[in-house]
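What follows is a set of notes on a single structure, which appears directly below.
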Amino acid sequence: MGQVAWKGLFLSLFDYKTEKYVIAKSKKVGILYRVVQLSILAYLVGWVFIVKKGYQDTDTSLQSSVITKLKGVAFTNTSELRERLWDVADYVIPPQGENVFFVMTNLIVTPNQRQATCPESDRIPDALCYKDRDCVAGEAVVAGNGVKTGRCLKDRDSIRGTCEILAWCPVEKRSKPKKPLLASAENFTVYIKNSVRFPKFKFSKMNVLATTNESYLKSCRYSKEHPYCPIFLLGNIVQWAGSDFQEMASEGGVIGIQIEWNCDLDKAPSECNPHYSFSRLDNKFAEKPISSGYNFRFAKYYRDAEGVDYRTLIKAYGIRFDVMVNGKAGKFNIIPTIINIGSGLALMGAGAFFCDLVLLYLIKKSNFYRGKKYEEVKSSSGKSLSSPTLNGNQSPDQLGGL
Amino acid sequence: MGQVAWKGLFLSLFDYKTEKYVIAKSKKVGILYRVVQLSILAYLVGWVFIVKKGYQDTDTSLQSSVITKLKGVAFTNTSELRERLWDVADYVIPPQGENVFFVMTNLIVTPNQRQATCPESDRIPDALCYKDRDCVAGEAVVAGNGVKTGRCLKDRDSIRGTCEILAWCPVEKRSKPKKPLLASAENFTVYIKNSVRFPKFKFSKMNVLATTNESYLKSCRYSKEHPYCPIFLLGNIVQWAGSDFQEMASEGGVIGIQIEWNCDLDKAPSECNPHYSFSRLDNKFAEKPISSGYNFRFAKYYRDAEGVDYRTLIKAYGIRFDVMVNGKAGKFNIIPTIINIGSGLALMGAGAFFCDLVLLYLIKKSNFYRGKKYEEVKSSSGKSLSSPTLNGNQSPDQLGGL
Amino acid sequence: MGQVAWKGLFLSLFDYKTEKYVIAKSKKVGILYRVVQLSILAYLVGWVFIVKKGYQDTDTSLQSSVITKLKGVAFTNTSELRERLWDVADYVIPPQGENVFFVMTNLIVTPNQRQATCPESDRIPDALCYKDRDCVAGEAVVAGNGVKTGRCLKDRDSIRGTCEILAWCPVEKRSKPKKPLLASAENFTVYIKNSVRFPKFKFSKMNVLATTNESYLKSCRYSKEHPYCPIFLLGNIVQWAGSDFQEMASEGGVIGIQIEWNCDLDKAPSECNPHYSFSRLDNKFAEKPISSGYNFRFAKYYRDAEGVDYRTLIKAYGIRFDVMVNGKAGKFNIIPTIINIGSGLALMGAGAFFCDLVLLYLIKKSNFYRGKKYEEVKSSSGKSLSSPTLNGNQSPDQLGGL
């Protein structure tokens, strides 16, 4: 090729090639196509852009820090513990004020346990015995409190007894107060301090409003009227989660406190506010004792003057609160905008494909349009070139046109 | 249809149908189209493939385990606590070495608290009183330490007093050392052992290098020069987070330690290394006492010879460290590669659509090209078949061409 | 324009414009195109719809609550601790039954530590000394237990000694039982209660089956035969994670228990079941003492009759279990269905583009087809209008056709 040819080649690079269209004067398909186009447009504008904010770059990798602080005291007067006041250091476990905290509301105390031998609780099936041979020495009681010593202890006159065990003695007696001991925990408050950070946009925010005065923050309580007050009444939280406080206080349970940050950073930072929601996380509908409620055992260890350890075993029932933070932030960005417009337009192609199917195979004059749309060319000779085939034997296209 | 027709139908299935294009010799639109094509190609190659690694399958569901271990001792000599040495078991709460740990740096100790009656702190507004009637018996002091007994205790000669309460007595006196007690916590070190696993690719890695010798791991300190040393000086962490250690040690606060794993598994495993960053998570800019700092109360319980419980209440100020691990791994996979190429090509269609608009409606000879692009067909008669309409009344297409 | 023209404009809006196709009777390219089409269809149906369930809207923001409860006792008889029974309150740290719990299996006890002066451990290099001057008073021992007093303590006749320190005395002696103390922890069981909630679909489920009877839940053990029993034997968990229990019990380690919920909510809720998997999270292959195992120190504080604090320091080795829950739920939704079909069809366009390249440039008669596909139009005159160029000098299109 000469210089001219190369120049032609180069110039032809900048010829614009555009698809040739056939105008089918079929109002039915035309209207159908417009409807499809409008639907896609509505989806693109309404759903992708307005609802899903497809023009924004989003950041969901939230950095969050939660600090919780409880306030409140409860006074109890039982035969076992006598007059006693419970404050934060007594009933919050663990004390650190992290995002998961437990408020003890009911308890079974077994004081002065020492390493010794004593009869196992008679509620444990594996510890029931008739004679010493039923208690194999050295064997641990299944689901029990200790290791069998080999003796079967019986009350006077009774046939059945319980194995003697080596354990922390005496063992816990299984009866918890029916009325929760710390029923007044309903009036305790929790202050939840949550600060979040969206690293991609270098944006930080706290759930404690900067504008409110200090006395407001000390006296306010979260409610529908005060949606930005970070102090919550425990009773309210449980109620909003759809549970009864006294029942939960007695049996224990887990409450989730969700904090949702959904921030549109194209708006003012003051528009970015947390939304709280509350739900019960343990299955409250369970009727089986094994799967309802929440409790655990812990011990306080002491040492007497002789240097021997003893302990107070506490089976604590109460409400665990899990503060869960999630959120996302969005800000305008050109790349997702272009991608969403592009893929919306690509969807138009799918709409055209669907209308083509209707035009070519479903309407009356489809045979005619098929001939117009598809121009048959043969390379063997010059005949029929550039003249679309209009003959009747187009039917083979019926499948091929797909 | 006979056998011949069926054969024709079958053969026509393998006819290839290709769109017919019109070459518009318009250099303007041609160049525009090439520019659009090049932009899309640049976006596809540069952004999707090189920056975003669109040819990789990614795994973001990281399994991570963090073990932390602090080292360091501090010696204090105060009038209250006298000479005392603090070691890890004293100042780290909780002791388990999980991903969240608290280093106590300042404290208010209230020793020998017993269940008794004593005057409430005079800093609590609700406990101020002039006569016994101001103290309703059995009522809990709002934001206070106990339950009112009904008596108003006054100093000699003074008019105003505070209510007597039933509580852990004596109550805490609110004054914390201005200088943090454990100021030398700055020199404590924390060893952070983090192992991650990407289940999709069955790839595991630790932040402790396998190649380094043991003595290096015992003596190194993380810094820009030693980016893979897993031992951090607390003072450095706070400084890198942009805070002052002594101020934080006095008031408390929360520091986030982010460990980011961003692994390209098409490269060697030794290229997959953690990246550390540090940030202050509680709002340090807050001026309000209620929302700044970090502290909590806990108690150590003792029992005297008579079996009566007493406790030491500790209000602990200090720094909570949250180790947060996130990461993603990518590895070549054919499916995302094809999808990204395909959607890139689909974007080309959107480019052609845009150029069509220019060709058909914006340039001078748009009327002419519109006639060429759109071939009008009518089914009523044979006239004008296969001859594109060139007449002037194409203007109705102006809107319809969209 | 008059009324008629406007009407024409309006009507032409509903003309349907469809792309004109050229039928190339090339069986090679035709078959190629069908293969490409079938591949895309297979990918769309097989991968996108059947494997990835692309017709579903998914929710991955799981709300999860984990409650764990251990059961089991162990009896030990050592010279140091004598006969001792260990129950849940003794060996589980922390006791709350959260998703992370630690089972103590081996320990070094240092009883009766008091604030005093004593020689530092001779295993710490920084504490070795020859004369008093080697021990700078007031300086903390690097990686040691206390602050130097300035004296160098030597055994009789020996040249080298260790610095005297102010510390909790006596210091810990570094020797842990080779055989784990609580080797029988292998037989302890853990009951894991996990309830999940998918907020988008308002769907909740527990891992404890509602249909099973109570006695089954009390006696079953998780295994391949009982995949929905929520009670696990610790020994089994460690074995399934690929580790040896006795080795882990001696040195400590971290085990991850993954609970995966993968729910197809188009099916019955009873089909949505958890899948458990177990893995070792700390690096078990490490040979370096500094990076293997898991242990921490904690202390129990006591007060003697004179009001002086003393403590028992415990270095605890054991197994930390991290229960990690993740999951996703999917439910049929029309929007992702349409989007996936649309983008699948858009992919067809990419296939056609590829086949066009073959047709126009790679096969023998490509020159001829190029002429058919591209119809050259010139606006200067009426000549060559609507008649595709068939001349040989189409070569410039070679590049332009891309």
Side-chain angles (χ1 to χ4, degrees), chain A residues 8-9 12-13 15 17 19-27 29-31 33-34 93-94 100 102 115 140 143 145-147 166-168 254 256 279 281-283 288 290-291 294 296-299 301 303 305 313 322 324 326 346-347 349-350 353 355-356 359 373-379 386, chain C residues 13-25 61 63 65 67 69 71-73 75 83-85 87-90 94-98 193 195 197 204 206 208 214 217-218 300 302 305 335 341-343 345-346 349 365 368-369 372 374-375 387-388 390 393 395-401:
Chain A
L9 175 67
S12 80
L13 261 178
D15 283 346
K17 279 150 220 87
E19 287 145 349
K20 185 159 184 146
Y21 275 75
V22 171
I23 301 179
K25 295 233 169 241
S26 164
K27 292 285 174 266
V29 183
I31 289 170
Y33 184 57
R34 291 293 165 201
I93 300 168
V100 177
F102 170 82
Q115 295 275 349
N145 300 302
V147 172
L166 182 88
W168 284 100
V254 185
S279 59
L281 292 182
D282 67 314
N283 194 357
K288 302 177 300 294
I290 200 173
S291 66
Y294 178 61
F296 61 87
R297 285 184 185 84
F298 68 98
Y301 294 86
R303 187 164 284 182
L313 179 70
D322 289 23
M324 298 177 249
N326 53 58
L347 216 55
F353 175 81
C355 292
D356 268 11
L359 182 78
K373 185 175 168 80
Y374 297 109
E375 181 186 53
E376 199 171 334
V377 294
K378 284 210 182 81
S379 58
S386 87
Chain C
L13 263 176
F14 300 107
D15 284 346
Y16 180 61
K17 280 150 218 88
T18 183
E19 287 146 349
K20 184 157 186 147
Y21 276 75
V22 171
I23 302 179
K25 295 236 168 238
S61 71
Q63 283 170 15
S65 149
I67 298 174
K69 198 161 201 171
K71 271 212 157 52
V73 291
F75 174 76
E83 290 200 332
R84 198 185 189 296
L85 188 105
D87 70 359
V88 171
D90 294 323
Q96 296 101 282
E98 293 181 13
K193 191 158 79 174
S195 69
R197 192 166 163 262
S204 298
M206 270 189 97
V208 183
E214 195 186 324
L217 277 179
K218 283 202 168 160
K300 284 176 187 163
Y302 306 103
I335 287 175
I341 292 178
S343 63
L345 292 178
K365 286 182 284 182
F368 165 78
Y369 286 119
K372 286 287 147 202
Y374 297 108
E375 181 186 53
S387 73
L390 279 170
N393 61 356
S395 49
D397 277 341
Q398 197 138 2
L399 285 163

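Proteins come first, then strands; the chains are lettered A, B, ... in the order of their sequence lines, and each starts at number 1.
The candidate with the highest count of non-hydrogen atom pairs below 4.5 Å against chain A, out of Arg197(C), Lys300(C), Glu83(C), is Lys300(C). Considering only heavy-atom pairs separated by less than 4.5 Å from chain A, the leading option among Arg84(C), Lys71(C), Lys69(C) is Arg84(C). Each of Ser279(A), Gly146(A), Ala305(A) has some count of heavy-atom pairs under 4.5 Å with chain C, and the biggest count is that of Gly146(A).
Annotation: the span from Met324(A) atom CE to Ser65(C) atom OG amounts to 7.5 Å, rounded to 0.5 Å. With values rounded to the nearest 0.5 angstrom, Tyr33(A) atom OH is found 9.0 Å from Thr18(C) atom OG1. Leu281(A) contributes atom CG, which lies 11.5 Å from atom NZ of Lys193(C) (distance to the nearest 0.5 angstrom). Distance check, rounded to the nearest 0.5 Å: OH of Tyr16(C) to CZ of Arg34(A) gives 10.5 Å. Taking NZ from Lys20(A) and CD from Glu19(C), the interatomic distance works out to 13.5 Å, rounded to the nearest 0.5 Å.
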Test side chain to side chain contact (heavy atoms under 4.5 Å, CB included) on Ile67(C) and Phe296(A); report intermediate values, then the result.
CA-CA 10 Å; Ile67(C) 298 174; Phe296(A) 61 87; over 6 Å; no

Pair Tyr21(C)-Asp356(A), side chain to side chain donor-acceptor pair (under 3.5 Å): steps then yes or no
CA-CA 12 Å; Tyr21(C) 276 75; Asp356(A) 268 11; 5.7 Å; no

Quick one, Asp15(A) with Tyr374(C), criterion side chain to side chain donor-acceptor pair (under 3.5 Å). Give me CA distance, side-chain angles, the key distance, then yes/no.
CA-CA 11 Å; Asp15(A) 283 346; Tyr374(C) 297 108; over 6 Å; no

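Arg297(A) places no side-chain N or O within 3.5 Å of a backbone atom of Pro95(C) that could act as its donor or acceptor partner. Not one N or O on the side chain of Gln63(C) forms a donor-acceptor pair closer than 3.5 Å with the backbone of Gly256(A).
Interface residue Ala143(A): backbone and side-chain heavy atoms are both found under 4.5 Å from chain C. For Val254(A), the part sitting under 4.5 Å from any heavy atom of chain C is the side chain, from C-beta outward, and nothing else. Contacts of Leu313(A) with chain C are made by side-chain atoms alone, with heavy-atom separations under 4.5 Å and no backbone atom involved. Contact annotation for Val88(C): neither backbone nor side-chain heavy atoms come within less than 4.5 Å of a heavy atom of chain A.
Among all heavy-atom pairs drawn from Leu85(C) and Ala167(A), the shortest one is CD2-CA, 3.7 Å. Summarising the geometry of Ile31(A) relative to Phe14(C), their closest heavy-atom pair is CG1-CD2, 3.4 Å, with the distance given to 0.1 Å.
Put simply, the side chain of Asn145(A) does not reach to within 4.5 Å of the side chain of Asp87(C), judged on heavy atoms. Here the side chains of Lys17(C) and Val22(A) are not in contact, with every heavy-atom distance at 4.5 Å or above.
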